[in-house]
Engineer: 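The structure follows.
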Amino acid sequence: MRLVQISDCHLLADPKGASRKGFPLRQLHAVVERARALRPDVLLVTGDIAQDETSVAYRHASEAFAALECPWFWIPGNHDQPELMAEWQPFHEEVDLGEWRVLLLDSRISGQPGGELGQRQLQRLASQLEADDRPVLVALHHPPLDVGSVWMDAIGLKDRDALWQTLSPYPQVKALICGHIHQAFAAWQGMVAVYGCPATSDQFLAKSHEFATDEAARPGLRVIDLRGEALSTWVERVDI
């Protein structure tokens with residue numbers, strides 16, 4: 001089973017619209033084309049799909065993702081409007097992959113850059129884990145631990161301690177993937193791996209005190225292969 005993670009597209013209604021460092025839709029198409037060559041079974045999109053909060057931006061995204069010709073699922077990020085997203089693709093709380101499950105969490109707080117899951121969602125997560133002991137991959141937008149950039153760590157997941165406390169009784173949770181950080185990232189929280197994903201749009205400079213873009217890093221995606229209970233993953237980049 002091969003999953004591809006795409007994140008932080010920051011699309012605009014104008015297909016030729018520019019970001020700080022590039023052209024988001026053109027960059028997304030290049031990343032999707034690279035993903036097609038990898039022949040994924042499933043696409044996971046971990047938030048911040050639109051920058052300008054327009055339905056047209058989500059149309060651009062859904063058309064691009066459909067080109068992969070595999071099932072795809074998304075969650076909102078802090079820049080997104082869930083109501084507009086749902087016009088193009090419904091949300092799912094769980095994806096059944098046979099031997100594995102993917103649990104999709106919504107960490108968005110309306111009007112705020114940081115994230116939070118909340119007690120109700122954490123209770124649902126515990127119920128999902130209690131009901132099934134197959135290996136689990138958890139996906140959310142905000143990183144559930146510090147990534148080493150002062151400004152980014154201030155707008156991560158507010159209730160991360162509650163999340164890890166919820167997960168601790170369930171050894172079937174093998175990894176968490178997130179967006180938001182616009183950079184490749186890998187760390188461990190106990191026995192659980194945590195992976196961040198490059199953006200398809202601008203990249204953020206790692207280990208920075210204040211906001212800064214990484215002008216040397218290219219747009220990219222994360223590949224996740226699942227075999228039995230084993231997970232292997234790596235990052236692919238594209239030239240623009």
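Along the sequence shown, the residues carry numbers beginning at 1.
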Engineer: Could you check whether any side-chain heavy atom of Met191 comes within less than 4.5 Å of a side-chain heavy atom of Pro171, counting everything from C-beta outward?
Structural biologist: no
Engineer: Within the structure provided, determine whether Trp74 and Ile6 are in side-chain contact (heavy-atom separation under 4.5 Å).
Structural biologist: no
Engineer: Can you establish whether the number of heavy atoms outside Glu99 located under 6.0 Å from its atom CD is more than 12?
Structural biologist: no
Engineer: Donor-acceptor check, side chain of Asp48 to backbone of His10, threshold 3.5 angstrom: yes or no?
Structural biologist: no
Engineer: Do the ring planes of His142 and His180 sit parallel (below 30°), tilted (30 to 60°) or perpendicular (above 60°)?
Structural biologist: tilted
Engineer: Using a strict cut-off of less than 4.0 Å between a Lys/Arg side-chain nitrogen and an Asp/Glu carboxylate oxygen, indicate whether Asp132 and Arg101 qualify as a salt bridge.
Structural biologist: yes
Engineer: Given 3.5 Å as the limit, does a donor-acceptor pair link the side chain of Ser7 with the main chain of Val45, or not?
Structural biologist: no
Engineer: Whether the side chain of Gln121 engages the backbone of Asp106 through a donor-acceptor N/O pair (distance < 3.5 Å, no angle test) should be reported.
Structural biologist: yes
Engineer: Would the number of heavy atoms belonging to other residues, nucleotides or ligands and lying under 6.0 Å from CZ of Arg227 be above 12?
Structural biologist: no
Engineer: Where is the tightest heavy-atom contact between Leu68 and Pro40, given as atom of each residue plus distance?
Structural biologist: CD2-CG, 4.5 Å
Engineer: With a 6.0 Å cut-off on the ring centroids, do Trp88 and Tyr58 count as close?
Structural biologist: no
Engineer: What verdict does the side chain to side chain contact (heavy atoms under 4.5 Å, CB included) test give for Asp96 and Arg134, after you've listed the backbone C-alpha separation in whole Å, the side-chain angles of each residue and the deciding distance to 0.1 Å?
Structural biologist: CA-CA 10 Å; Asp96 190 332; Arg134 283 178 293 169; 2.9 Å; yes
Engineer: Looking only at heavy atoms, which two atoms of Ala86 and Phe91 are closest? And how far apart?
Structural biologist: CB-CE1, 4.0 Å
Engineer: Is a side-chain donor or acceptor of Ser201 paired with a backbone partner of Asp8 at a separation under 3.5 angstrom?
Structural biologist: yes
Engineer: For Ser208 and Phe211, indicate whether the former's side chain and the latter's backbone hold a donor-acceptor pair under 3.5 Å.
Structural biologist: no
Engineer: Once rounded to the nearest 0.5 Å, what's the spacing between atom CD of Gln189 and atom CZ of Arg160?
Structural biologist: 9.5 Å
Engineer: On a heavy-atom basis, which atom in Ala13 and which in Asp52 lie closest, and how many Å separate them?
Structural biologist: N-OD2, 2.7 Å
Engineer: With side chain to side chain contact (heavy atoms under 4.5 Å, CB included) as the test, pick out the partner of Pro198 among Glu236, Arg218, His182, Arg237.
Structural biologist: Arg237
Engineer: Is it true that Leu104 and Leu117 fall in one hydrophobic cluster, defined by side-chain heavy atoms closer than 4.5 Å?
Structural biologist: no
Engineer: Decide yes or no on side chain to side chain contact (heavy atoms under 4.5 Å, CB included) for Trp100 and Lys174, but give the supporting numbers first.
Structural biologist: CA-CA 10 Å; Trp100 280 71; Lys174 306 300 182 183; 3.5 Å; yes
Engineer: Hey, what do you get for CG (Leu137) to CD (Gln5), rounding to the nearest 0.5 Å?
Structural biologist: 8.5 Å
Engineer: So, do Ile109 and Lys158 sit near enough that their side-chain heavy atoms are less than 4.5 Å apart?
Structural biologist: yes
Engineer: Any heavy-atom pair between the side chains of Leu97 and Asp41 that's under 4.5 Å?
Structural biologist: no
Engineer: Does Asp80 use its side chain to pair, donor to acceptor, with the backbone of Ile49 at less than 3.5 Å?
Structural biologist: yes
Engineer: Where is the tightest heavy-atom contact between Leu129 and Leu167, given as atom of each residue plus distance?
Structural biologist: CD1-CD2, 3.7 Å
Engineer: Does a sphere of radius 6.0 Å around CD in Glu94 hold more than 12 heavy atoms from other residues, nucleotides or ligands, not counting ones at 6.0 Å or beyond?
Structural biologist: yes
Engineer: Could you give all pairs that pass the salt bridge (Lys or Arg N to Asp or Glu O under 4.0 Å) test and reach residues 116-130, with sequence neighbours left out?
Structural biologist: Glu93-Arg124
Engineer: Tell me, yes or no, whether the heavy-atom count around Gln165 atom CD, taken from other residues, nucleotides or ligands under 6.0 Å, exceeds 12.
Structural biologist: no
Engineer: State yes or no: do Val136 and Leu226 share one hydrophobic cluster built from I, L, V, M, F, W and Y residues joined by side-chain heavy-atom distances below 4.5 Å, directly or via other members?
Structural biologist: no
Engineer: Any idea which heavy atoms bring Cys70 and Leu43 closest together, and the distance?
Structural biologist: SG-N, 3.9 Å
Engineer: Give a yes or no on this: more than 12 heavy atoms of other residues, nucleotides or ligands lie within 6.0 Å of atom CZ of Arg39.
Structural biologist: no
Engineer: Roughly how far, to the nearest 0.5 Å, is the CD atom of Gln81 from the OG1 atom of Thr54?
Structural biologist: 10.0 Å
Engineer: What's the verdict on side-chain hydrogen bond (donor to acceptor under 3.5 Å, both in side chains) for Asp202 and Thr213, showing C-alpha distance, side-chain angles and the deciding distance?
Structural biologist: CA-CA 7 Å; Asp202 299 340; Thr213 56; over 6 Å; no
Engineer: Would the Trp151 and Phe204 ring centres measure less than 6.0 Å apart?
Structural biologist: yes
Engineer: Test side chain to side chain contact (heavy atoms under 4.5 Å, CB included) on Val192 and Trp164; report intermediate values, then the result.
Structural biologist: CA-CA 10 Å; Val192 181; Trp164 290 114; 3.9 Å; yes
Engineer: For Ala64 and His29, which heavy atoms make the closest approach, and how far apart are they?
Structural biologist: CB-CD2, 3.9 Å
Engineer: Main chain of Ala199, side chain of Gln203: is a donor-acceptor contact present, judged purely on distance under 3.5 Å?
Structural biologist: yes
Engineer: What distance do Ile177 atom CD1 and His141 atom NE2 have between them, rounded to the nearest 0.5 Å?
Structural biologist: 12.5 Å
Engineer: Rounded to the nearest 0.5 Å, how far does CG of Leu176 lie from CG of Leu103?
Structural biologist: 9.5 Å
Engineer: Would you say the side chain of Ile224 lies within less than 4.5 Å of the side chain of Leu44, judging by non-hydrogen atoms?
Structural biologist: no
Engineer: Could you state whether Ile75 and Val138 fall into the same hydrophobic cluster, counting links through intermediate Ile, Leu, Val, Met, Phe, Trp or Tyr residues with side-chain heavy atoms under 4.5 angstrom apart?
Structural biologist: no
Engineer: Side-chain heavy atoms under 4.5 angstrom apart, residues restricted to Ile, Leu, Val, Met, Phe, Trp, Tyr: same cluster for Val235 and Ile240?
Structural biologist: no
Engineer: Is Pro24 close to Gln51 at the side-chain level, that is, under 4.5 Å between some pair of heavy atoms?
Structural biologist: no
Engineer: Using the rule that two of Ile, Leu, Val, Met, Phe, Trp, Tyr join whenever any of their side-chain heavy atoms come within less than 4.5 Å, decide whether Trp234 and Val31 are in one cluster.
Structural biologist: yes
Engineer: Please walk me through it: do Ser62 and Gln89 pass side chain to side chain contact (heavy atoms under 4.5 Å, CB included)?
Structural biologist: CA-CA 7 Å; Ser62 62; Gln89 174 80 328; 5.6 Å; no
Engineer: Is any side-chain heavy atom of Leu11 closer than 4.5 Å to one of Thr200?
Structural biologist: no
Engineer: Are the side chains of Phe185 and Leu145 in contact, using a 4.5 Å heavy-atom criterion?
Structural biologist: yes
Engineer: Quick one: CG on Asn78 to CZ on Arg108, what's the gap to the nearest 0.5 Å?
Structural biologist: 8.5 Å
